[in-house]
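Dumping the structure here so I can ask a few things about it.
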Amino acid sequence: MQDRPIAFIGGGNMAQAILTGLLAAKFAPSNMLVCAPTLATRKALTTKFSLNVSEGNCDAITFADVIFIAVKPKLVETVASELKQAMKLAEKQPLIISLAAGVTTAQLQKYFGDKSHVFAAMPNLPSAVGQGLTGVVAGKNCDTNSIRLVDELLSCCGKTLWLKDERQMPAIVASAGSAPAYFFLFLEAMIASAQKLGLSYQDAKTAALQSGMGALTMAAQSPLSVVELKEQVTSPNGTTHQALASFADNNLKLVVEQAMHAAAKKAASY
Ligand SMILES: NC(=O)C1=CN([C@@H]2O[C@H](COP(=O)(O)OP(=O)(O)OC[C@H]3O[C@@H](n4cnc5c(N)ncnc54)[C@H](OP(=O)(O)O)[C@@H]3O)[C@@H](O)[C@H]2O)C=CC1
Ligand SMILES: O=C(O)[C@@H]1CCC=N1
């Protein structure tokens with residue numbers, strides 16, 4: 001699999017995260033092509049990854065077996081109309097994996113053509129460190145071999161979740177695609193509060209990060225539920241009780257629910 005030529009349309013944050021995951025899994029930079037319109041982006045990508053770059057998106061068709069679409073959702077139709085022309089002349093049809101939030105397999109099928117082999121995927125940024133979560137759905141023309149290949153590719157970047165019902169995709173956007181930002185926000189707030197309580201920035205960051213990594217590792221490994229683990233930290237009328245009561249007074253669960261519904265609603269609107 002590592003010798004498969006792979007192209008990215010768009011070379012921004014998400015393309016680079018997946019690229020980093022694939023390169024760590026021993027894909028060769030010489031088998032990678034990134035198409036991006038801005039010269040500065042192409043130069044930065046060449047310097048960082050020593051891979052191939054192109055200004056023209058259609059080069060992806062002659063180069064690659066698998067093409068990741070890593071542009072903003074609103075641009076997917078535009079880049080698809082370019083690629084579709086080149087695909088008509090191609091001997092072999094590439095697998096198209098869209099990373100765009102909220103763009104469905106039906107939309108992809110319409111943009112790339114009824115015979116195209118499309119996947120709608122929703123990864124997240126920790127793909128860059130092999131800890132990503134990608135929700136994915138296969139379009140109607142994808143056979144078992146191509147599904148297996150896409151699963152292997154995405155698994156280089158972390159866990160892969162094949163959705164039985166594509167209508168679950170907005171929930172994946174809200175709970176995985178956007179979710180790293182919620183954790184970063186929480187860390188940002190904890191670091192700032194710890195500084196106000198007297199720690200240096202560096203110590204505040206170490207305390208927040210180590211507590212976060214410790215808690216997440218326990219939540220992943222323990223047979224106990226997160227509610228039970230939370231109770232183990234909380235002494236009756238102790239310090240944690242005070243903190244959790246303050247969160248409850250400020251309706252933290254409702255705040256989280258509203259935020260995730262807003263993300264899902266946006267995903268469903270593309
Ligand atoms: N960021 C994230 O955490 C996640 C993002 N996604 C999805 O990934 C997609 C990309 O997001 P993200 O990487 O954050 O965005 P960025 O803005 O970081 O990157 C977008 C890229 O698209 C390129 N681009 C713009 N126009 C064209 C064009 N006409 N042809 C080819 N490339 C073009 C830009 O090139 P240039 O730099 O040359 O202008 C840029 O490299 C989105 O659809 C988003 O929904 C999904 C999950 C998580
Ligand atoms: O914010 C966004 O729209 C993209 C999709 C998920 C994460 N980033």
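Counting convention: from 1, in listed order, for ligands and their atoms alike.
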Subject >> Closest to atom 47 (C) of ligand 1 (judged by heavy-atom distance), picking from P123, G177, G132 >> reply: P123
Subject >> Location of contacts on T38 toward ligand 1, heavy atoms closer than 4.0 Å >> reply: both
Subject >> Donor-acceptor pair between T160 and S155 side chains, under 3.5 angstrom >> reply: yes
Original post:
Does the side chain of L187 come within less than 4.5 Å of L209's, by heavy atoms?
Top reply: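 SC-SC contact between L209 and L187 confirmed.
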**OP:** Could you verify whether a donor N or O on one side chain and an acceptor N or O on the other, from D143 and S146, lie under 3.5 Å apart?
**Re:** yes
Subject >> Verdict with reasoning, F8 to L45, per side chain to side chain contact (heavy atoms under 4.5 Å, CB included) >> reply: CA-CA 12 Å; F8 288 79; L45 286 163; over 6 Å; no
**OP:** Examine distances only and state if a side-chain atom of E166 and a backbone atom of T105 form a donor-acceptor pair shorter than 3.5 Å.
**Re:**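 The answer is yes, because a donor-acceptor pair under 3.5 Å joins these two groups.
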Subject >> Residue, atom name and distance, where the atom is the protein heavy atom closest to atom 5 (C) of ligand 2 >> reply: A101 CB, 3.8 Å
Original post:
Out of T62, I6, D59, which residue meets the side-chain contact (heavy atoms from CB on, under 4.5 Å) rule with L33?
Top reply: D59
Original post:
With a cut-off of 4.0 Å, which atoms of ligand 1 are near a heavy atom of M122?
Top reply: 46 (C), 47 (C)
**OP:** Just need the protein heavy atom nearest to atom 37 (O) of ligand 1, so name the residue and atom and give the distance.
**Re:** T41 OG1, 2.6 Å
**OP:** From atom 45 (O) of ligand 1, work out which of S98, A101, A15 has a heavy atom at the shortest distance.
**Re:**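 It is A101 that holds the nearest heavy atom.
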Original post:
Got a second to check how far S98's OG is from L108's CG, nearest 0.5 Å?
Top reply: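 Reported value, rounded in 0.5 Å steps: 4.5 Å.
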Original post:
For ligand 1, which part of V71 has a heavy atom less than 4.0 Å away: the side chain, the backbone, both, or neither?
Top reply: both
**OP:** Measure Q16 to ligand 1 on non-hydrogen atoms and call it side chain, backbone, both or neither using the 4.0 Å cut-off.
**Re:** neither
Original post:
For atom 27 (C) of ligand 1, which candidate among P37, A176, C35 provides the closest heavy atom?
Top reply: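 The nearest heavy atom belongs to P37.
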Subject >> Q131, CD atom: more than 12 neighbouring heavy atoms under 6.0 Å >> reply: no
Subject >> N124-ligand 1 polar pair, N/O distance under 3.5 Å >> reply: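 There is no such contact.
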Original post:
Can you tell me the protein heavy atom closest to atom 1 (N) of ligand 1 and the distance?
Top reply: N13 CB, 4.1 Å
Original post:
Mind checking whether G12 has an N or O less than 3.5 Å away from an N or O of ligand 1?
Top reply: yes
**OP:** Could you tell me the residue and atom name of the protein heavy atom closest to atom 7 (C) of ligand 2, and the distance to it rounded to 0.1 Å?
**Re:** G177 O, 3.4 Å
Original post:
Does Q210 CD have over 12 foreign heavy atoms under 6.0 Å away?
Top reply: no
Original post:
Does any non-hydrogen side-chain atom of E231 lie less than 4.5 Å from one of T234?
Top reply: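 They are not in contact (no side-chain heavy atoms under 4.5 Å apart), so the answer is no.
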**OP:** Specify side chain, backbone, both or neither for N57, according to which of its non-hydrogen atoms lie closer than 4.0 Å to ligand 1.
**Re:** side chain
Original post:
Looking only at protein heavy atoms, which one is nearest to atom 7 (C) of ligand 1, and how far off is it?
Top reply: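 Nearest neighbour among protein heavy atoms for atom 7 (C) of ligand 1, to 0.1 Å: L99 O, 3.1 Å.
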**OP:** Determine the interplanar angle of the F186 and F247 rings, folded into 0 to 90°, and report it as parallel if under 30°, tilted if 30 to 60°, perpendicular if over 60°.
**Re:**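 Rings of F186 and F247: tilted, 30 to 60°.
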**OP:** Could you tell me whether V76 approaches ligand 1 through its side chain, its backbone, both or neither, with non-hydrogen atoms closer than 4.0 Å?
**Re:**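 Near ligand 1, V76 shows nothing, with every heavy atom at 4.0 Å or more.
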Original post:
Who's closest to atom 12 (P) of ligand 1 heavy-atom-wise, of K72, R42, E55?
Top reply: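 Ranked by closest heavy atom to atom 12 (P) of ligand 1, first place is K72.
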Subject >> K48 and Q16: CA distance, side-chain angles, deciding distance, side chain to side chain contact (heavy atoms under 4.5 Å, CB included) verdict >> reply: CA-CA 10 Å; K48 193 168 165 190; Q16 291 193 37; 2.9 Å; yes
Original post:
How about V137 and F119: do any of their side-chain heavy atoms sit closer than 4.5 Å?
Top reply: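 The answer is no, as the side chains (C-beta and beyond) never meet within the 4.5 Å cut-off.
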Original post:
Among L125, V34, L75, V79, which one has a heavy atom closest to atom 3 (O) of ligand 1?
Top reply: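 Among L125, V34, L75, V79, the closest heavy atom to atom 3 (O) of ligand 1 belongs to L125.
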Original post:
With backbone taken as N, CA, C and O and side chain as the heavy atoms from C-beta onward, which portion of A70 lies under 4.0 Å from ligand 1: side chain, backbone, both, or neither?
Top reply: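 It is the backbone that touches ligand 1; the side chain stays farther off.
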Original post:
Is there a protein heavy atom at a distance of less than 4.0 Å from atom 2 (C) of ligand 2?
Top reply: no
Subject >> Passing candidate, side-chain contact (heavy atoms from CB on, under 4.5 Å) with R4, options L22, D65, N31 >> reply: D65
Original post:
Who's closest to atom 22 (O) of ligand 1 heavy-atom-wise, of G10, A181, A44?
Top reply: G10
Subject >> Shortest protein heavy-atom distance from atom 41 (O) of ligand 1, along with the residue and atom involved >> reply: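 I find the closest protein heavy atom is G11 N, 2.9 Å.
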Subject >> Sub-3.5 Å N/O-N/O distance, M14 and ligand 1 >> reply: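 So ligand 1 has an N or O lying under 3.5 Å from an N or O of M14.
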